[in-house]
Amino acid sequence: MRTGTGGSESGKTASGSHAGSGWRARLRDVMAGLSLASMNIPQVLGYTRIASMPAVTGLYTVLLPLVAFACFGASKHLVVAADSATAAIFSSAVSRMAPPGSPHYMALVSMVALLSAGFLLVARLFRLGFLADFLSRTVLVGFLAGVGVQVALAMTRDMLGIATTAHNPMLQLFQTITRLSHVNVPTLLLSACIVAAIMIGDRLAPRAPLALVIVVGTIVASMGIGLSRFGIETIGPIAGGLPRLSIPDVSWNDMLALLPATTSCVFVIIAQSAATSRAFALRFHDPVDDNADILGLCAANAVAGLSGTFTVNGSPTQTAMAVRAGARSQLAQLTFATVTMLVLVFLTAPLQYLPRCVLASIVFTVALGMIDARAMQAIRRESPGEFGLALVTAAAVVGIGVEQGIFLAIALSLFRHVRHSYEPHTMILRRDGQSGLLEPYDVKAGQQTAPGLIVYRFCADLFYANATRFAHDVQVLVDSAPVPVRCLVIDASPITDIDFSAASDLRDLFTALRARHVTVVFGRVSSYLRADMDRHRITPVIGAANIHAQLHTAIAAAQKIMADDGP
């Protein structure tokens, strides 16, 4: 009885501990959502300047779209909201079709969001989430570092109280440097104090909602003291009220004209959102479902278009803010949406007093945190080549843009992979003097496995670009052999595929070897490789009897051929 009672009490304790842990996790996410709202509500208002839309539409991007992604998306961390990359794409296209800020312009912008939702739905139906598999960890580390530098550079202008007109980060930096004589000293001092307070607070109390305290405190100070009279710029008046759902009134011809800009937005949405969600999923060892995230992005853009706002995207900066604030689930984003609704209904008036430099300083510290120096150092130490790829990715994001940086990184990753396949490791197997076992050695002229026998391993699939390497190695080994080669055994364990061009080269090579009385024997042939050999007519050239599933049987067959031929 005592044991049973003790077990029951232990079970209750464990259950209570689990419940308490779950309650604390939910409370942590709610507090993170409050902190996230304090930082991101002013930020999305800033994106409306890039989009040339009314300020209130920035708040609409973090209302229904957040809820839609939380319901349909899979990522626990991704924050879907307004984004500078997509805003710059559609605003440049739509501004040529209608005057910025006009009702027709706003309808066109909302239609871009609806069309993006349609394209994303097609991408989900065709399961195009696999495209994110081409984003390696190296690329993700470099991508986040580049975004961190880009955002940090962009925030310096508001932290110094300097006006710039360029959108490119490097041009912004150049304009900021050339206008340093126009620095607003009170703005600079306030920015420096906020950055110092956040960095010290992160060390002493990393879970405290310090950003929320700073935002509320500076709004109260701005209302009481009037910070604007010291030249500190504030956000300014914002319209309130909840959005009305409606379909944008756009003609068929206008919809066709919007397709190029929409296509560009969709590519950026898929690439940037996948890069961001994967980067933070890897950090917390969470599962990834890119296709479910695409469906969530589809739903988010659909409600964005219906609620009169613009295209939304997975934001690396805002996701980093959420994680830094302690968010570990979409409950934080739902809390963010709830706060946004309350602000739209009750609190747009106080928000106008928030200094821009306060927002910029908070975002600046978040941007610095996105640069994972330890991960970069680990990559440099373990793989200098991949470290170079990470640096190129970061530099491209900063220099030419987020979307271009992602696509360049994917292209470079694929090029690096193709280069390894183009120049694979090749080996000749020889008996070890001590163990007597076959061991791999680098291919060099004058080497043999045994008198008259060569066992050769090619460590990649055979395709049009590397078939000449295969043929060259074989010819060197055969031509330079100290004893005339009678059998060439191919250890085909790394080979699973042969394309049309490589097959043609192999048929020519094996025909030439047969003319020199060299028998070719394949060992460790998989079912996939055998199917390719049959389809590409390689099997008749070497003979079906010379194709083996194991290496030892292939070597035994070669030795029998040599023995039958005699000395």
Side-chain angles (χ1 to χ4, degrees), residues 130 134 411-429 440-449 452-481 484-551 553-562 565:
F130 76 90
F134 293 101
L412 290 176
S413 297
L414 292 175
F415 175 78
R416 190 170 186 271
H417 173 72
V418 171
R419 184 171 177 270
H420 282 304
S421 299
Y422 170 69
E423 296 180 345
H425 296 295
T426 59
M427 305 168 185
I428 181 171
L429 303 184
Y441 295 86
D442 291 337
V443 172
K444 293 181 181 178
Q447 291 185 328
Q448 282 184 314
T449 302
L453 174 66
I454 292 174
V455 181
Y456 173 70
R457 178 184 295 167
F458 189 82
C459 298
D461 288 335
L462 281 158
F463 67 109
Y464 62 91
N466 66 11
T468 54
R469 170 72 180 276
F470 182 98
H472 177 266
D473 278 0
V474 169
Q475 288 170 353
V476 167
L477 290 171
V478 172
D479 292 342
S480 64
V485 176
R486 183 66 190 86
C487 284
L488 170 69
V489 177
I490 308 296
D491 178 2
S493 54
I495 306 173
T496 58
D497 181 76
I498 302 176
D499 75 356
F500 178 84
S501 299
S504 178
D505 292 340
L506 291 183
R507 289 196 302 269
D508 293 341
L509 172 65
F510 297 154
T511 301
L513 290 175
R514 186 173 60 186
R516 297 175 62 177
H517 304 290
V518 177
T519 301
V520 177
V521 182
F522 270 73
R524 289 179 177 164
V525 175
S526 67
S527 59
Y528 310 106
L529 177 59
R530 179 60 188 267
D532 277 357
M533 295 176 72
D534 293 343
R535 183 172 62 254
H536 292 306
R537 306 188 313 281
I538 295 174
T539 301
V541 174
I542 65 174
N546 292 328
I547 300 176
H548 301 265
Q550 293 87 28
L551 180 61
T553 58
I555 295 175
Q559 291 172 336
K560 184 176 185 302
I561 292 171
M562 294 169 62
D565 289 346

CG of Asp491 to SG of Cys459, rounded to nearest 0.5 Å, is 8.0 Å
- Task: For the pair Asn466 (side chain) and Val418 (backbone), establish whether a donor and an acceptor sit closer than 3.5 Å, ignoring hydrogens and angles.
- Result: no
- prompt: Is any side-chain heavy atom of Leu551 less than 4.5 Å from a side-chain heavy atom of Leu429?
  reply: yes
**Prompt:** Do Val443 and Val476 have side chains that get closer than 4.5 Å, going by heavy atoms?
**Reply:** no
Does Arg486 use its side chain to pair, donor to acceptor, with the backbone of Leu453 at less than 3.5 Å?
-> no
- Message: Looking at Asp497 and Asp461, would you say the former's side chain and the latter's main chain have a donor-acceptor pair under 3.5 Å?
- Response: no
query: Does Arg530 use its side chain to pair, donor to acceptor, with the backbone of Ala549 at less than 3.5 Å?
result: no
So CE of Met427 and OH of Tyr456: to nearest 0.5 Å the spacing works out to 10.5 Å
Tightest non-hydrogen contact, residues Phe458 and Pro424, listed as CZ-CG, 3.5 Å
Closest non-hydrogen contact found for Gly523 with Ala554 is CA-CB, 3.7 Å
message: Tell me if the OH atom of Tyr422 is crowded by more than 12 foreign heavy atoms within 6.0 Å.
response: no
One should read off an interatomic distance between Arg524 CZ and Ile490 CD1, to the nearest 0.5 angstrom, of 13.0 Å
For Met562 and Cys487, the nearest pair of non-hydrogen atoms, with its separation, is CG-SG, 3.9 Å
- Query: Between Asp532 and Leu529, is there a donor-acceptor pair closer than 3.5 Å when you use the side chain of the first and the backbone of the second?
  - Reply: no
Rounded to the nearest 0.5 Å, the CD1 atom of Ile498 sits from the CG atom of Asp505 at a distance of 11.0 Å
Taken to the nearest 0.5 Å, the spacing of Leu488 CG from Phe522 CZ works out to 8.0 Å
Would the number of heavy atoms belonging to other residues, nucleotides or ligands and lying under 6.0 Å from OH of Tyr464 be above 12?
no
ask   = Do Asp499 and Ser501 have side-chain N/O donor and acceptor atoms under 3.5 Å apart?
value = no
CZ (Arg516) and CD (Gln475) are apart, to the nearest 0.5 Å, by 8.0 Å
Between Ala460 and Ile495 the two heavy atoms that sit nearest each other are O-CG1, 3.4 Å
With Val485 as partner, the option from Val474, Leu477, Thr449, Ile454 fulfilling side chain to side chain contact (heavy atoms under 4.5 Å, CB included) is Ile454
Apply side-chain contact (heavy atoms from CB on, under 4.5 Å) to the pair Met533 and Ile542, showing each step before the final yes or no.
CA-CA 10 Å; Met533 295 176 72; Ile542 65 174; 3.7 Å; yes
Heavy-atom nearest pair, Ala481 first then Gln448, reads CB-NE2, 3.4 Å
Would you say the side-chain atoms of Arg514 pair up with the backbone N or O of Val541, donor to acceptor, closer than 3.5 Å?
-> yes
Item to check | Backbone N/O of Lys444 and side chain of Asp442: donor-acceptor pair under 3.5 Å | outcome: no
